[in-house]
Protein chains: 2
Amino acid sequence: MESLKVLVVDDEPNIRDLLSASLRFAGHQVLTSPNGTDAIAKIIDTQPDIVLLDVMLPDISGFGVTKKIRSMGIETPILFLTARDETEDKVTGLTVGGDDYVTKPFSLDEIVARISAIMRRTGKDSDGHSVIRVGELEMNEDAHEVTVKGEVVDLSPTEYQLLRYLASNPNRVLTKAQILDHVWEYDFNGEMGIVESYVSYLRKKLDPLSTEPLIVTKRGVGYLLKGPKG
Amino acid sequence: MESLKVLVVDDEPNIRDLLSASLRFAGHQVLTSPNGTDAIAKIIDTQPDIVLLDVMLPDISGFGVTKKIRSMGIETPILFLTARDETEDKVTGLTVGGDDYVTKPFSLDEIVARISAIMRRTGKDSDGHSVIRVGELEMNEDAHEVTVKGEVVDLSPTEYQLLRYLASNPNRVLTKAQILDHVWEYDFNGEMGIVESYVSYLRKKLDPLSTEPLIVTKRGVGYLLKGPKG
DNA sequence: GATTATTCTCAGGAATCTTCCAGATAGATA
DNA sequence: TATCTATCTGGAAGATTCCTGAGAATAATC
């Protein structure tokens, strides 16, 4: 994906920093804003490609910000961030067009993936490759479908996200800490043993279909997904 | 469908913004107008392909606008927006020719579908494919008829709209929030559980006729309609 | 005005998923 | 080889998500 200009709007500095770092690493240009009024100004001023917008803001709510900018004819796609227990029902009428929303707490990889999905749908992403392909493995992001040598593999949500993270970094060792940070929610409080468990789950599902093991353990370091070359 | 020039006339900014965003995403060019006099001027000036016209306007009523422009020989098709409690007789007399009307509150997908229908009827849309075909499923938009392997399936209005939304995005996961925003009315204030209910209804009607389940649940993500190939 | 159809909510239960634990296994080191 | 450590994996509790039937409220139809 080409570089995008992303505006992150959230009153919690932690969330802003987390998202900024993650999105910058994904190759995007990031702007941040702590409240609604400032966000509106920045949107008008800088015309970002996409806005990550917290619904709960100190001054104007995320919904208010949306209405305001839409009334000015600005069609920038928005990815809403909402608390889980909050308003799962009040999204109606807001995810117009290509918009979407994720619930807090989210995983960083989830955000990056959703941004890609939105940009693909709005057609602003030229090389919209919705398929990740590594050797015999294929992940269709639109359909959320995984195949190995054409055979469909059924994965749970976490299994899917883990595999996507590995497949996005083929032939590269990823430490358990990195995996935990990318795949699990940012407030996850558990041990790294869970990564081992999920790698095990993936192997049990993937290896019977592949000619050689896809996920390789680098003892003392981490894991990597084996690609065709390198 | 090719790109259309649409004029949205409504005094409520919210409605204008909602429709603008939705129609722009559908690939149309959108102009807006807050009242009757301005609308008449814009119609003469810009010659839109279709007009979305609120009946209740602060100055001249939607009917007045219609009479005015028709008297000038402008035959642009009109889609009236009316409040539910307004008498339907009033409207029906005026929806001559290719015109149509929807009651507020409406669902965004309904509007897009009605526009397609009008353009097909008035013959201005060349490649207007009035039949959605996904695998064994066929939806005839003109006749509002659904068949699976040739067998006719009887659907309620909401069931039909849900299926149309799914069938318009085959092999693509749609979240419950997205489904709610596209299929249900924009001021719907209910839970997402209703999407589950209607998916259940659809499955009960469709699956007995199809060789394999059409609607697939992507746990933790949403639903998708399975098409013939990847 | 009565009957039927539809919409929507709710709640129990089923199915699946997440997480942790502990014993088994394999690799590294002395 | 013996020992230590890291990793693997099965099991199980608990949580989450999804499905579906039942019923009330509303709208459409005759």
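All values below come from the heavy atoms of this structure, side chains included, with hydrogens, waters and symmetry mates left out. Chain letters run A, B, ... following the sequence lines, proteins first and then strands; every chain starts at 1. Given the structure is predicted, the values throughout are model-derived calculations rather than measurements.
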Enumerate the residues from residues 172-182 of chain A whose closest heavy atom to DNA chain D is under 4.0 Å, giving them by residue number; use none for an empty result. A:K176
At under 4.0 Å between heavy atoms, what does B:Y160 touch on the DNA or RNA strands: base, sugar-phosphate, or nothing? nothing
Check the distance between C:dC17's P and A:L202's CG and give it to me in whole angstrom. 12 Å
Would you mind listing every salt bridge (charged side-chain N to carboxylate O under 4.0 Å, His left out) that reaches into residues 193-205 of chain B, with sequence neighbours excluded? B:E159-B:K205, B:K176-B:E196
Spacing of B:L162 atom CG relative to C:dT7 atom P, expressed in whole Å: 11 Å
Using a 4.0 Å heavy-atom cut-off to protein, can you give one letter per nucleotide of nucleotides 19-30 of chain C, 5' to 3': B if the base is in contact, S if only the sugar-phosphate is, - if neither? BBB-----BS--
Give the rounded distance in Å between these two atoms: CG of B:D187 and P of C:dC8. 11 Å
Can you give me the closest heavy-atom contact between A:H144 and B:K218, atom names plus distance? O-NZ, 3.3 Å
Protein-nucleotide distance (B:E159, atom CD; D:dT20, atom P), rounded to Å: 14 Å
Look at A:Y223 and D:dC8 and indicate whether a side-chain polar atom (N or O) is within less than 4.0 Å of OP1 or OP2. yes
A:E141 and A:S116: side-chain donor and acceptor closer than 3.5 Å? no
Proximity of B:W184 and B:F106 rings by center, below 6.0 Å: no
Nearest-nucleotide 5' precedence on DNA chain D, A:K204 against A:G222: A:G222
Residues in side chain to side chain contact (heavy atoms under 4.5 Å, CB included) with A:E151, at least two apart? A:L209
Euclidean distance, B:L52 CG relative to B:F80 CZ, rounded to 0.5 Å: 11.0 Å
Rounded to whole angstrom units, what separation is found between the CD1 atom of B:I215 and the C1' atom of D:dC18? 14 Å
Atom CG of A:L155 to atom C1' of C:dT16: distance rounded to whole Å? 14 Å
Can you name the residues that form a ring-ring contact (aromatic ring centres under 6.0 Å, His included) with B:Y223, not counting sequence neighbours? none
Taking only N and O in the side chain of B:T217, is any of them less than 4.0 Å away from OP1 or OP2 of D:dC19? yes
If the cut-off is 4.0 Å, is B:S156 near the phosphate of C:dT7, judged by side-chain N/O to OP1 or OP2? yes
Pairing donors with acceptors under 3.5 angstrom, does anything connect the side chains of A:E136 and A:T211? yes
What is the distance, to the nearest angstrom, from the CZ atom on B:R203 to the P atom on C:dA15? 14 Å
Can you tell me how far P of D:dC18 sits from CG of B:L224, to the nearest Å? 13 Å
So, using salt bridge (Lys or Arg N to Asp or Glu O under 4.0 Å) as the criterion, who are the partners of A:R24 when residues are at least two apart? none
